[in-house]
Chemist: 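Please see the structure below; I have some questions.
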Amino acid sequence: MLTLTRQMIEIRNLLSTIDHSDSLRLPSIVVIGSQSSGKSSVLESIVGQEFLPKGSNMVTRRPIELTLINTPDAAGEAAEFPALKMHNLTDFEQVQKVLFDLNMAVPELECISNDPIQITIRSPKVPDLSLVDLPGYIQIEAADQPVELKQRIRQLCNKYLEAPNIILAISAADVDLANSAALRAAKMADPRGERTIGVVTKLDLVEPERARNILVNKKYPLKMGYVGVITKAPNPVKHSSGIFSRKQLTGYQAFVAQQNFEHTYLKEHKDEFFGTVNGTRNLKKKLMKVLEKSMAASLRPTHYAIQQELEETSYQFKVEFNDRPLTPQMYLANNIDILKLSTTKLSQNFSRRELRSLLKNEIDQKVLDLLAERYWNKPFSLKDSHINVEPDLRELSAISNIDDDVYWHKKLDLATNSLTKLGIGRLSTSLVTNAIITEIENLVDNIELRNHPLAKAAVRDAAKSVLSAKYFSTADQVENCIKPYKYEIEIEDREWQSSRENAVNLLKEEMRQCDEAFSLLKKQIGGRKLQQVIAYLEKLNKQKTIEIDFNSNDALGFSPNLIQRGQDAIFLKDRLSLLKMRYQFVKNSKKCKKKENKYQCPEIFLDAASTKLTSTAILFLNVELLSDFYYNFPRELDLKFFNNLSKEEIETFAKEDPKIKKHIELQERKDLLETALNKIEGVLAIQRNKINQLNKE
Ligand code: GDP
């Protein structure tokens with residue numbers, strides 16, 4: 001059966017993870033002693049291992065909370081740093097190094113940190129104990145540190161020296177007790193000497209008579225008395241190769257040597273030490289007894305304190321979070337479920353029709369560019385109008401029999417060719433890919449995940465990786481599907497009619513944009529000025545002058561910039577008049593009602609072609625890319641969020657949201673308090689049984 005101390009230490013460690021609230025503290029043994037008093041040696045002889053960092057300059061910068069657990073069946077000793085998730089360390093040089101690093105992580109300027117280092121050592125040789133090694137409380141008197149810093153060290157130490165903790169005050173026998181800084185500090189925290197055990201080290205360095213006088217406890221009485229120890233054996237002097245040298249014993253060897261030396265020394269001076277408590281073994285026994293007793297005394301008050309704290313926490317949990325349970329895992333799972341659900345909805349909203357209009361708009365832009373390039377551009381260019389031998393677009397509508405007109409045939413064939421060879425495969429695949437990613441981002445912005453930047457990025461990555469896995473094959477296959485249109489585009493009457501409507505609308509929109517651009521120019525330059533520069537340029541045009549002579553009288557007052565604007569304005573004016581003409585023609589001419597007249601109606605024909613390309617591409621994208629996405633995206637999410645994240649990462653994720661953090665932490669606190677309460681009630685029940693048993697006997 002576990003000892004009472006062991007169970008109480010467990011509860012103590014549990015409570016220490018909850019918070020540092022004073023009412024929830026179970027006693028621990030706090031070790032203090034000035035430099036060189038032998039403090040480290042005492043702790044190490046209790047543990048039976050050298051593990052404390054050595055060095056003269058404030059090596060202890062953080063309190064070390066040391067939990068010792070007796071493991072009678074274990075083969076050897078092992079240490080762990082629970083906060084660092086380092087377990088089962090059997091190399092104590094490594095333990096020493098970790099402790100050193102943890103201390104040195106506190107900058108020298110700050111000197112100390114309130115954040116304790118927790119270390120647990122399990123060994124068949126240690127008793128169940130809970131000890132604290134405090135940073136240089138004692139040095140502060142001597143060291144020339146700033147007042148404010150001394151204040152901080154004192155505050156930290158005083159907190160540890162409070163009841164119910166037991167103080168282990170270390171003094172060396174070769175220093176007068178009156179000068180013991182440890183005893184002085186203990187006296188301040190425990191004036192009646194009820195919670196202090198005096199440890200006198202280095203018994204071997206003074207006359208046994210003098211040592212005895214200290215240990216019998218007359219001058220500075222403590223209720224728990226003094227224990228005398230020898231915690232370091234003198235190093236054996238070895239004769240080697242003709243000179244004398246000292247061999248430093250380390251590790252277990254040093255421990256054995258110390259035990260032997262102490263044992264022999266005390267045995268040799270048995271009579272002088274009669275009636276005193278001495279030896280590290282007795283010190284251990286005493287510590288166990290004292291700790292157990294004070295743990296037992298703390299049982300009921302701690303039970304009560306936990307109960308109170310639990311009631312308070314439960315109430316808060318009810319008021320603030322309606323008793324709704326929440327763990328990081330639940331929170332994450334919930335969020336991913338919501339995301340998956342909205343992705344299913346996305347598949348309904350993000351219909352084929354929507355995709356088609358998305359792609360159609362994009363291709364329409366290309367069609368407009370093609371039309372501009374091949375049909376609408378620069379009918380009267382300032383520079384080359386006099387050498388322009390190409391037929392004017394104005395002639396196109398007037399032609400009565402176009403069948404023989406090679407020029408206009410070729411023009412449409414070239415435009416169609418440019419359209420079908422645009423690279424629709426990649427264009428449409430990246431368009432849809434980007435659209436899906438944007439949609440997913442919008443989805444995330446509408447759910448709680450928006451408060452988690454890392455998770456947001458992970459969702460985006462998941463979507464991207466599912467989509468990019470399919471990118472190239474999809475683009476290739478779309479390209480294959482539209483391949484027939486590169487040779488021939490068959491259009492039905494019904495399709496022609498609807499494309500005619502589209503073309504009318506497109507032309508109207510293009511006219512509106514042209515008009516808008518012209519108005520903007522007018523606004524920027526001023527109507528009159530623009531009129532003047534246009535008139536000037538048109539005059540030049542009539543004269544077929546190519547170069548503008550800025551020094552001529554006519555051009556006076558027009559800057560090159562203004563001339564450029566004027567040219568832009570003329571371009572827009574001409575474009576507008578052409579578009580108007582085309583608009584009237586496409587909308588009203590009987591010719592445009594028949595698909596056979598396609599060479600005269602490139603706007604309609606190219607729209608029909610782009611509609612076909614769009615539908616075919618979308619049909620394929622829907623099957624190949626989207627269905628695949630809807631199937632694989634939820635799986636990718638599971639993989640990213642559940643398979644790849646550790647418990648800690650999930651916790652970090654959930655706590656990114658301050659509200660969720662508070663909820664989870666309150667829940668954790670409640671759970672921990674409940675566990676602690678159950679445990680302490682278990683201990684109390686055992687105590688009651690023991691008392692009943694004793695009463696019966
Ligand atoms: P700390 O600075 O208080 O942690 O003291 P240490 O444990 O480092 O000990 C200071 C010095 O005293 C070291 O050189 C130890 O070897 C020596 N020392 C510690 N305990 C004893 C002891 O019982 N007898 C003798 N002779 N030397 C000791």
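Values in this document were obtained by computation on a predicted structure and should not be read as measured data. Below, each value reflects all heavy atoms present in this structure, side chains not excepted, and no hydrogens, waters or symmetry copies. One-based numbering, in listed order, for ligands and for the atoms of each.
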Chemist: How many angstroms lie between atom CD of Glu65 and atom CG of Asp115, to the nearest 0.5 angstrom?
Modeler: 9.5 Å
Chemist: Roughly how far, to the nearest 0.5 Å, is the CG atom of Leu673 from the CD atom of Glu311?
Modeler: 11.5 Å
Chemist: Can a salt bridge be assigned to the pair Arg281 and Glu262 using a cut-off of 4.0 Å between side-chain N and carboxylate O?
Modeler: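 Salt bridge flag = no for Glu262 with Arg281.
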Chemist: Under the rule for side chain to side chain donor-acceptor pair (under 3.5 Å), what residues qualify as partners of Ser28, not counting sequence neighbours?
Modeler: Ser130
Chemist: For residues 82-94, which residue pairs qualify under side-chain hydrogen bond (donor to acceptor under 3.5 Å, both in side chains), counting only residues two or more places apart or in two chains?
Modeler: none
Chemist: For ligand 1, would you mind listing the residues that have at least one heavy atom less than 4.0 Å away, ordered by chain and number?
Modeler: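 These residues qualify: Ser34, Gln35, Ser36, Ser37, Gly38, Lys39, Ser40, Ser41, Lys202, Asp204, Leu205, Ile230, Thr231, Lys232.
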Chemist: Could you go through residues 675-687 and list every donor-acceptor pair under 3.5 Å that involves a side-chain atom there, pairing it with any protein atom two or more places apart or in another chain?
Modeler:
{"from": "Thr675", "atom 1": "OG1", "to": "Asp671", "atom 2": "O", "distance (Å)": "2.8"}
{"from": "Lys679", "atom 1": "NZ", "to": "Glu10", "atom 2": "OE1", "distance (Å)": "2.8"}
{"from": "Glu681", "atom 1": "OE2", "to": "His303", "atom 2": "NE2", "distance (Å)": "3.0"}

